[in-house]
Amino acid sequence: MVTQVLILAFVLLVVPIFAGGCVSRVDGMQGNLVFRWIGGQFLLWAGFQVICVPLILKEREFGELVNFFWLYMVALALLAAARQIRRWRGKVKAGVSRIEGFVGRKSLGEMILWAVFWGILLFQLVQAVRLAYADGDDAYYVAVSAITQDAETMYRKLPYTGGETGLDVRHSLAPFPMWLAFLAKVSGMPAVTVAHVVLPVVLISMGYAVFYLLGVRLFPDKRSRLPIYLIFVELLVLFGDYSFYTMENFMIARSRQGKAALGSIVIPFLLLLLLIWLKKLQEGEKVPMRLYLLFAAGATTGCLCSTLGALLLCMMLGIVGLLGAVCYRRLRSLFPLAVCCIPCVCYALLYLMAAD
């Protein structure tokens, strides 16, 4: 059990932080480990989508996906390590200064607020695991992951009966259950345990990490307001279960499902990237390619989580991008943003073809 937990910690924490070094230098984020973790995970998710869908459509075995994705993770980590070594001296000094800025001296009141935030977060994580239940969607999505782990096939067995069937093309275009099956396969932990115990802790923490990064952008000169902002976010989540379809319900009760990751992680992270992009336009600065890489990774990750993500993220990037380009008279910036939407367009077309 300890070995399984360590493997999952390596895959879900260590590797993303290493991979995040490829995109960490975005608007002064190079010393922020939270940004590295989230950015690196988006690069891994996007790569998983690009690798997984063609293998599914070609009806290849699940073991091939596991091997290819391991190679991708190693290559991404090595690339990030190479970039880190190349700028090591300056990076170490800048990184230490930023980390010290985060954990530096705080007033007693601020420390109490941070303690309240961590206490509520711990309560939510414990309750998300302790009160985990199987809803109707689990009968399909978690069952698909469990069958994939055991039978080495992807979307070629009926999740309700386990019997043979043709390739389920429509669901295979958003193979978030395959990522869950990958975690179960490499760790040796049952897919059901990963879905109901591991993923709630990881994905809920990622959701709050994204909201923390949003708070850093919203209160750049008043960091003392960050814990108050995050506590209000936690209260909204705690008391937001007024409908079965709210983002709060998905985040806490159904975090193992791709739709929950889309609403509580992917869309807020793209909002963060759009804030950075709009700031660059407002100040007349050059937008770094790393930021567009994250836009593309976020759009691709949305397709991994849900086929609806292809439409929602295209609309989101298109509307905000058009308004920003017109308001700041930077129409040329629309072209690279449109290129970032290409993955969404491709998967949307594949979905329409599969529906016909």
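Taking every heavy atom of both residues into account, P159 and V144 meet most closely at CB-CG2, 3.8 Å. Between P16 and Q41, the closest heavy-atom pair is CG-OE1, 3.4 Å. The two atoms that bring A261 and C305 nearest to each other are CB-SG, 3.9 Å, heavy atoms only. Nearest heavy atoms, L313 versus C344: CB-SG, 4.2 Å. Counting all heavy atoms, side chain and backbone alike, A77 lies closest to F18 at CB-CB, 4.4 Å. Residues C303 and P343 come closest through the heavy atom pair SG-O, 4.2 Å.
Proximity of a side-chain donor or acceptor of E248 to a complementary backbone N or O of F239 within less than 3.5 Å is not detected. In this structure a side-chain-to-backbone donor-acceptor pair under 3.5 Å is missing from R256 to H196. With hydrogens and angles ignored, the 3.5 Å screen pairs a side-chain donor or acceptor of W37 with a backbone N or O of L12. No side-chain donor-acceptor contact under 3.5 Å links Q49 to the backbone of T301. Side chain of S264 to main chain of G207: no donor-acceptor pair is present (N/O by atom type, distance under 3.5 Å, no hydrogens or angles). At least one donor-acceptor pair under 3.5 Å links the side chain of Q149 to the backbone N or O of A191. Counting only distance, with no hydrogens or angles, the side chain of S145 and the backbone of P177 share a donor-acceptor pair below 3.5 Å.
A heavy-atom distance below 4.5 Å is not found between the side chains of L272 and I38. Inter-residue side-chain proximity for F211 and L230 is flagged as met; some heavy-atom pair is nearer than 4.5 Å. Using a 4.5 Å cut-off on side-chain heavy atoms (C-beta onward), M316 and L271 make contact. R290 is not listed as a side-chain neighbour of C22, based on a closest heavy-atom distance of 4.5 Å or more. Between L199 and S255, the closest side-chain pair of non-hydrogen atoms is not below 4.5 Å.
L322 belongs to a hydrophobic cluster whose other members, connected by ILVMFWY side-chain contacts under 4.5 Å either directly or through intermediates, are V326, L331, L334.
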Let's go through W179 and F176 carefully: what are the C-alpha distance in whole Å and the side-chain angles of both, what is the deciding distance for ring-ring contact (aromatic ring centres under 6.0 Å, His included) to 0.1 Å, and is it a yes or a no? CA-CA 5 Å; W179 180 68; F176 195 82; 5.4 Å; yes
Pair V53, Y347 - check side chain to side chain contact (heavy atoms under 4.5 Å, CB included), show working. CA-CA 9 Å; V53 171; Y347 289 114; 3.9 Å; yes
Derivation and outcome, side chain to side chain contact (heavy atoms under 4.5 Å, CB included), residues F10 and L6: CA-CA 6 Å; F10 177 77; L6 290 176; over 6 Å; no
For F123 and E234, what are the C-alpha separation, side-chain angles and deciding distance, and is it a side chain to side chain contact (heavy atoms under 4.5 Å, CB included)? CA-CA 10 Å; F123 171 77; E234 289 179 323; over 6 Å; no
Determine whether V11 and F182 satisfy the following criterion, side chain to side chain contact (heavy atoms under 4.5 Å, CB included), listing intermediate values before the conclusion. CA-CA 10 Å; V11 174; F182 168 80; 4.2 Å; yes
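The aromatic rings of W114 and F117 sit perpendicular, their planes meeting at an angle over 60°, well past the 30° parallel limit. Taking the six-membered ring where the residue is Trp, Y140 and H171 present tilted rings, their angle falling between 30° and 60°.
Once rounded to the nearest 0.5 Å, the distance linking CE of M206 with CE of M251 reads 11.0 Å. Put simply, CE on M178 and CD1 on I51 are 15.0 Å apart, with the number rounded to the nearest 0.5 Å. Note: L323 CG to L278 CG = 9.0 Å, rounded to the nearest 0.5 Å.
Under a 4.0 Å N-O distance rule, the pair K185/E152 qualifies as a salt bridge.
Evaluation of the side-chain hydrogen bond (donor to acceptor under 3.5 Å, both in side chains) test over residues 58-76, restricted to residues two or more places apart or in two chains, returns R60-E64, E61-R156. Residue pairs that meet the ring-ring contact (aromatic ring centres under 6.0 Å, His included) test with at least one member in residues 247-275, sequence neighbours left out, are F42-F269. Counting only residues at least two apart or on different chains, no side-chain hydrogen bond (donor to acceptor under 3.5 Å, both in side chains) pair has a member in residues 316-326.
Using a 4.5 Å cut-off between side-chain heavy atoms of Ile, Leu, Val, Met, Phe, Trp and Tyr, with links allowed through other members, L121 and L236 fall into different hydrophobic clusters. V142 and L304 fall into different hydrophobic clusters, defined by Ile, Leu, Val, Met, Phe, Trp and Tyr side-chain heavy atoms under 4.5 Å apart, directly or through other members. Follow the hydrophobic side-chain contacts under 4.5 Å out from F69 and you never reach V74; the two are in separate clusters. Under the 4.5 Å side-chain contact rule for hydrophobic residues, L238 and I231 share a cluster. At a threshold of 4.5 Å between side-chain heavy atoms, the hydrophobic network of Ile, Leu, Val, Met, Phe, Trp and Tyr places F232 and V116 in one connected group.
More than 12 heavy atoms of other residues, nucleotides or ligands lie within 6.0 Å of OH in Y292, so this atom counts as buried by the packing criterion.
The side-chain contact (heavy atoms from CB on, under 4.5 Å) check on T307 picks up L173, A174, Y351, with sequence neighbours excluded. Residues that satisfy the ring pair (Phe, Tyr, Trp, His ring centres under 6.0 Å) test with Y229, not counting sequence neighbours, are F219.
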